[in-house]
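As structure tokens, the structure follows; a few thoughts come after it.
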Amino acid sequence: METDVPDIMYTSDEHRSGGSWWSKCGQYSSFIVQRWKWVTLMLCTYGFFKELKPSEAFLNPYLLNHTGLTNHELSASVYPFWTYSYLAFLFLFLPLTDWARYKPMILLESIGYLGTRVLLIWGTSLEAMQLMQIFYGMASATEVAYYSYIYSVVSREHYPFVNSAVRAIVLIGRSSAGYLGQILDNTHVLNYRQLNYFSFITVCIALVISLFLPMPPRKSRDEDPISESSSFESSRVRRSIGVFLQETRVNVRAFFADIRDIYKDREVLKWSLWWALATCGELQAGNYVQNLWSEISDVVDYGYVEATATLLGAAAAFFVGYVKLSWSIWGEMLLGVVSAIDSFALFFMARTGNIYIAYGLWLVFRASYALQITVATLQVAQRLVKPRYGLVFGINMLIALSLQTILTAVCTAHYSPLRLKITTQFVVYGCYFWLISAVFLASGVYSRTKEGWRESWDRDREMRRSARDLGASTSLYEPLVQNCDDAILINACGSPTPSLGDRPVSLS
């Protein structure tokens with residue numbers, strides 16, 4: 001008969017004390033943590049309901065009808081606030097997530113989504129919609145805690161399963177929300193405002209579930225010298241502060257040393273550069289694509305499109321793990337080709353007058369981006385010597401958001417000197433990906449010409465032959481399977497792919 005074995009036991013003093021309400025909460029948390037299946041089920045249930053927002057795919061048409069704002073006002077004065085707030089909150093929350101032990105950040109994520117719903121339903125002014133985007137930016141920035149939390153409350157042997165579970169449920173929730181919202185709209189069961197009430201209920205359910213998630217255990221005193229020093233009597237407070245400042249200086253020096261070591265590798269720098277540039281363009285296009293569709297046609301099938309895009313992105317990410325290709329040799333050229341595909345998709349989407357062609361081009365864009373971002377993420381994972389995946393992808397995301405802020409200020413914001421129309425904006429985004437394509441194609445051709453094309457092909461065959469002789473898997477996911485610590489840190493950053501069911505988020 002199988003028995004539950006405690007995965008992690010609490011060591012903090014409050015869990016050993018009895019009688020108080022807080023102590024009872026700690027005992028409840030310890031009891032739940034010992035049963036990792038229940039914790040995983042609770043977190044997956046939370047993830048499903050926080051993503052089950054069928055109104056998300058219809059944000060732009062809803063705001064046009066509900067607030068009276070024009071399409072240009074939404075793109076110039078409302079949506080940029082998501083970009084600005086996301087960047088600001090990410091700077092604030094990234095260093096706090098581990099220290100706060102994840103659950104408070106999950107609560108903030110729930111509050112952010114709830115604030116977004118409240119303002120969408122009961123707010124009508126321009127200022128209310130700007131505040132709504134700030135709440136959504138806060139929720140987006142705290143999503144990292146959702147992917148990190150589960151690893152702090154289950155034992156290491158369960159990491160592969162729980163990683164798959166929390167990722168899969170997000171995709172299921174997003175795609176279900178898209179299809180459900182479209183069906184309810186097409187059958188006239190619910191209108192756009194009622195869909196927002198539906199989403200309000202689901203995020204309330206998610207908030208309630210988050211309250212019952214067990215608090216991860218504190219580190220033991222051997223693992224956390226700051227906690228030990230903070231427990232000294234008042235006569236030794238000065239020493240505690242000194243220890244804290246000394247450790248802070250050491251950590252800051254180690255932080256910048258890690259950054260230097262990471263990016264001095266040319267391969268890591270190359271893949272990270274494309275990662276940041278492409279993610280910037282993908283986030284920007286995803287934030288304004290509904291405005292473009294509203295300009296093209298009044299036909300609103302956004303739910304089907306976004307849900308299908310989610311599934312195609314997941315399929316592309318899964319498929320690429322079985323592609324037999326020497327990415328270190330041909331990767332740069334493939335980055336250039338994929339960026340060219342993205343460029344043409346965005347450009348022709350801006351020029352077409354057929355909404356269904358625009359939908360199809362968007363699916364191509366999403367799938368090609370999801371495919372290559374998976375390759376880029378895992379190539380970086382293979383190249384890093386130290387387990388610093390959270391650091392490198394966090395920096396890449398900050399760079400992407402910083403570039404997106406500049407792009408927003410130049411192309412879309414109401415104070416922009418250009419004040420481009422939405423169709424012109426997508427022409428600019430297409431040109432942006434074309435420049436990325438030109439740079440990486442030129443770099444790839446130069447590298448292969450310098451080495452010699454025949455020599456490159458010979459090296460490619462030799463690498464694949466060696467892999468077969470060693471019985472090595474050709475799956476790109478092999479480094480994640482080999483090292484669970486690496487898998488934790490990669491997934492703790494969240495998927496680099498924006499949320500395909502939200503506006504916008506994804507990482508997938």
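The two atoms that bring Val305 and Leu363 nearest to each other are O-CD2, 3.5 Å, heavy atoms only. Taking each heavy atom of Trp275 and Ala376 in turn, the nearest pair found is CD1-CB, 4.2 Å. In terms of heavy atoms, Leu108 sits closest to Met138 at O-CE, 3.5 Å. Contact detail for Ala400 and Ala276: the closest heavy-atom pair is CB-O, 3.4 Å. Of all heavy-atom pairs spanning Gln194 and Val189, the tightest one is OE1-O, 3.9 Å.
Among residues two or more places apart in sequence or in another chain, the side-chain hydrogen bond (donor to acceptor under 3.5 Å, both in side chains) test is passed with Thr70 by Glu73. Remark: Glu295 engages Asn71 in a side-chain hydrogen bond (donor to acceptor under 3.5 Å, both in side chains) (not counting sequence neighbours). Every residue meeting the side-chain contact (heavy atoms from CB on, under 4.5 Å) condition with Arg193, not counting sequence neighbours, appears here in chain and number order: Tyr62, His66, Ile121, Trp122, Asn191, Tyr197. Residues passing the side-chain contact (heavy atoms from CB on, under 4.5 Å) test with Ala76, sequence neighbours excluded: His72, His414. In this structure, the side-chain contact (heavy atoms from CB on, under 4.5 Å) partners of Phe81, at least two apart in sequence or on a different chain, are Gln130, Gln133, Ile134. Partners of Ser368 by side-chain hydrogen bond (donor to acceptor under 3.5 Å, both in side chains), not counting sequence neighbours, listed by chain and number: Asp342. For Thr142, the side-chain hydrogen bond (donor to acceptor under 3.5 Å, both in side chains) test picks out no residue, with sequence neighbours left out. Under the rule for a salt bridge (Lys or Arg N to Asp or Glu O under 4.0 Å), Glu127 has no partner lying at least two apart in sequence or in another chain. Under the ring-ring contact (aromatic ring centres under 6.0 Å, His included) criterion, Tyr304 pairs with no residue, sequence neighbours left out. Residues passing the side-chain contact (heavy atoms from CB on, under 4.5 Å) test with Val427, sequence neighbours excluded: Phe347, Ala350, Arg351, Cys431.
No side-chain heavy atom of Val289 sits less than 4.5 Å from a side-chain heavy atom of Asn60. Looking only at side-chain heavy atoms (C-beta outward), Phe440 and Val337 stay at 4.5 Å or farther from each other.
Under a cutoff of 6.0 Å and an axis angle of 45°, Lys50 and Tyr113 do not form a cation-pi pair.
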Show me, pair by pair, the donor-acceptor contacts under 3.5 angstrom made by side chains of residues 198-216, not counting sequence neighbours?
{"residue": "Ser199", "atom": "OG", "partner": "Ser55", "partner atom": "N", "Å": "3.4"}
{"residue": "Ser199", "atom": "OG", "partner": "Ser55", "partner atom": "OG", "Å": "2.8"}
{"residue": "Ser199", "atom": "OG", "partner": "Leu195", "partner atom": "O", "Å": "3.2"}
{"residue": "Thr202", "atom": "OG1", "partner": "Leu52", "partner atom": "O", "Å": "2.9"}
{"residue": "Thr202", "atom": "OG1", "partner": "Ser199", "partner atom": "O", "Å": "2.8"}
{"residue": "Ser210", "atom": "OG", "partner": "Leu207", "partner atom": "O", "Å": "2.6"}

Solution key, residues 355-362 side-chain donor-acceptor pairs under 3.5 Å, sequence neighbours excluded:
{"residue": "Tyr359", "atom": "OH", "partner": "Val299", "partner atom": "O", "Å": "3.1"}
{"residue": "Tyr359", "atom": "OH", "partner": "Asp301", "partner atom": "N", "Å": "3.2"}

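Side-chain polar atoms of Tyr288 and Gln284 form no donor-acceptor pair below 3.5 angstrom. Counting only N and O atoms by type, the side chains of Gln290 and Tyr79 include no donor and acceptor under 3.5 Å apart.
For the pair Ser402 (side chain) and Leu398 (backbone), a donor-acceptor distance under 3.5 Å is present. Judged by distance alone, the side chain of Thr310 and the main-chain N or O of Glu306 form a donor-acceptor pair under 3.5 Å. In terms of modelled atom types and a separation under 3.5 Å, the side chain of Gln182 and the main chain of Val300 share a donor-acceptor contact. With Thr67 contributing its side chain and Ser125 its backbone, the two residues share no donor-acceptor pair below 3.5 Å. Of the possible polar contacts, none joining the Glu51 side chain to the Val170 backbone as a donor-acceptor pair under 3.5 Å is found. When atom types are taken as modelled, the side chain of Ser175 and the backbone of Ile172 share a donor-acceptor pair closer than 3.5 angstrom.
Checked options Leu87, Thr408, Leu283; the residue passing with Trp82 is Leu283 (criterion: side-chain contact (heavy atoms from CB on, under 4.5 Å)). The ring-ring contact (aromatic ring centres under 6.0 Å, His included) with Phe433 is formed by just one residue from the set Phe365, Trp274, Tyr369; it is Phe365.
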